[in-house]
Amino acid sequence: MKPCCFFALLVCLVLTAVADEKPDDPPITFSEHLIADKYGYAFGVAAADLDGDGDLDLTSCDTRGDALYWFENDGKGAFQRHFIQQGETGWFERHAIGDINGDKLPDVVVVKNLDSHVVWFENSGQPAKDKNWKRHVVTTDLKRAYDVALVDLNGDGRLDVAASAWAGNHIAWFANPGPDASNQAWKKELIDGDLAESRTIRVADFNGDGKPDILSTGRLANLTAWYEQTGMPNQPWKRHVIDDKSPQPVHGEPIDMDQDGDADVVMGLGMLAAPDQAETSQVVWYENVGQKGNGETWVKHVIGALPYGFEAIAADLDGDRDLDVVATGWGGAGQIGWYENSGDPKSAWKQHLLKNKWPRANQPIVADLDGDKRLDIIATAEGGSNELRWWRNAGASSVTRPK
């Protein structure tokens, strides 16, 4: 073979080999943005289109600053702060957004930790013009009210309120009284009256019977459990243990992590755990492996170590059709990061740190704040930081968050 022909053949083979290679997808990147700082104590964040302009706004609490804020989004991720309520003592904290009175406008339901109250604020449809939103009471009987979720639990088409009482060591739900919800008492029903330092309240159908169940944690009880609606008057709720061996479960959520059609759970463990304590200071997920995903049997999978793990949520951040995880570590160092799913959630995960030395990082959420069809990350951090930040997703994903 002539030298020129051999060289041409070699180049052809090299180019063909390169073309046949499948390079790794480029990692997604996040840019960090401060929304607000100088809180007295920053805890609680949610996202919704509060003003009906087609983009997602944010709500956030200044617990010791006696304020509940909403941040108006310009559609590109720049925010203007407004008050939902100001000058009200009692410690606004975690909250949820939904249409409480059936007028098709998103209202805000928020716990008042110190006062042991749950209240809701009515959206008039012109929130930017309202100095304070109209205030209504759900309950004044929830000792150190802590977390809240909205769900129709009695099938009447109205959003009820489920909530935890972390010093009261119980979880309960409150039935929405309907069109006159603004001036009627909400009836309280216990879900669990003995759950030491109750924390998480989230909703999913864990046994596939078509009825919403409740996920909760007791940090001091070292218990992650779900509660089944039985329909029996003498035992309306039945506790099912997910994990009673891993110390200090704090916050997580139901999600179909392995995409097999049933509800799994992702969780942060270890908020105040000793550094050498086993089976905690982790981000984990629990696989629902009961027959036909009936919620009776669970297997714990460790996603990664996380000192003073506080909260974990799941979403497809990189657009590869599997679920990644965002988690916060609460301690004095504090951090927030995301864990990349390899495609098999039972195998190795890769951690990507977003912010280190962010003291008392607490609640993360995900939402598309700039309308580019990529899920961004938003979080608050309390004592030592006291601010609200978001991380813009500059990757190539084009997804919506699974329900």
Side-chain angles (χ1 to χ4, degrees), residues 30 33-36 42-62 67-86 92-111 119-136 138 148-152 157-161 176 181-182 202-203 253 255 313-317 319 326 363-380 388-393 397-403:
F30 288 87
H33 306 271
L34 177 68
I35 297 173
F43 191 25
V45 61
D49 183 4
L50 294 175
D51 52 7
D53 63 356
D55 55 43
L56 292 176
D57 309 300
L58 296 174
T59 51
S60 177
C61 294
D62 188 340
L68 174 58
Y69 304 127
W70 76 278
F71 292 89
E72 183 180 2
N73 190 348
D74 69 353
K76 299 178 181 179
F79 295 91
Q80 180 181 355
R81 190 183 72 175
H82 304 277
F83 287 94
I84 294 175
Q85 182 77 318
Q86 58 182 316
F92 293 124
E93 288 189 347
R94 293 173 75 99
H95 52 280
I97 299 175
D99 180 8
I100 296 299
N101 56 357
D103 63 359
K104 303 187 186 306
L105 297 172
D107 309 303
V108 179
V109 181
V110 59
V111 303
V119 298
W120 69 279
F121 290 93
E122 182 180 349
N123 188 341
S124 70
Q126 296 182 314
K129 294 183 179 180
D130 295 333
K131 184 177 181 181
N132 288 338
W133 295 25
K134 190 174 181 181
R135 179 187 185 277
H136 309 282
V138 172
V148 64
L150 307 181
V151 57
D152 179 9
R158 299 188 287 262
L159 286 178
D160 307 306
V161 170
N176 187 333
S182 59
R202 290 294 179 264
V203 179
E253 68 173 5
I255 197 82
I313 59 174
D316 182 4
L317 296 173
V326 179
Q363 185 175 10
I365 62 172
V366 295
D368 178 9
L369 294 183
D370 54 1
D372 63 359
K373 298 184 180 180
R374 301 175 186 134
L375 291 175
D376 308 305
I377 297 170
I378 310 99
T380 50
L388 169 64
R389 291 182 178 269
W390 75 286
W391 287 263
R392 180 180 179 272
N393 185 343
S397 68
S398 180
V399 295
T400 57
R401 191 173 188 219
K403 299 294 184 183

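- Rounded to the nearest 0.5 Å, atoms CD1 (Ile365) and CD1 (Ile377) are 11.0 Å apart.
- With a 4.5 Å cut-off on side-chain heavy atoms, Phe43 and Arg94 count as touching.
- Distance check: Ile313 CD1 to Ile255 CD1 gives 9.5 Å after rounding to the nearest 0.5 Å.
- Atom-to-atom distance recorded for Trp120:CH2 and Ile100:CD1 is 6.5 Å, nearest 0.5 angstrom.
- Closest heavy-atom contact between Ala96 and Val148: N-CG1, 3.8 Å.
- Closest heavy-atom contact between Ser60 and Phe71: CB-CE1, 3.8 Å.
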Where do Leu150 and Val161 land on the side-chain contact (heavy atoms from CB on, under 4.5 Å) test, with the steps shown first? CA-CA 5 Å; Leu150 307 181; Val161 170; 3.7 Å; yes
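- Of the possible polar contacts, one joining the Asn393 side chain to the Leu317 backbone as a donor-acceptor pair under 3.5 Å is found.
- Between Asp376 and Asp370, the shortest heavy-atom distance links the atoms OD2-OD1, 3.5 Å.
- Here the closest heavy-atom approach between residue Thr59 and residue His95 is recorded as OG1-NE2, 2.8 Å.
- Note that the CG atom of Asn101 and the CD atom of Glu122 stand 5.0 Å from one another [nearest 0.5 Å].
- Nearest heavy-atom pair across Ala315 and Val366 is CB-CG2, 3.8 Å.
- Distance alone, capped at 3.5 Å, is enough to place a donor-acceptor pair between the Asp107 side chain and the Asn123 backbone.
- Ring geometry, Trp70 versus His82: the interplanar angle falls under 30°, so the pair is classed parallel (tilted spans 30 to 60°).
- Contact record, Phe92 with Cys61: O-CB, 3.5 Å, taken as the closest heavy-atom pair.
- Put simply, the side chain of Asp99 does not reach to within 4.5 Å of the side chain of Leu105, judged on heavy atoms.
- Here the CG atom belonging to Asp62 is positioned 9.0 Å from the CZ atom belonging to Phe83, to the nearest 0.5 angstrom.
- Remark: Asp74 CG to Leu369 CG distance equals 10.5 Å, nearest 0.5 Å.
- Under the 4.0 Å criterion applied to side-chain N and carboxylate O atoms, Asp372 and Arg374 are assigned as salt-bridge partners.
- The only member of Val45, Thr380, Val326, Ile378 that meets side chain to side chain contact (heavy atoms under 4.5 Å, CB included) when paired with Pro364 is Val326.
- Under a 3.5 Å cut-off, the side chain of Asp130 and the backbone N or O of Asn132 do not form any donor-acceptor pair.
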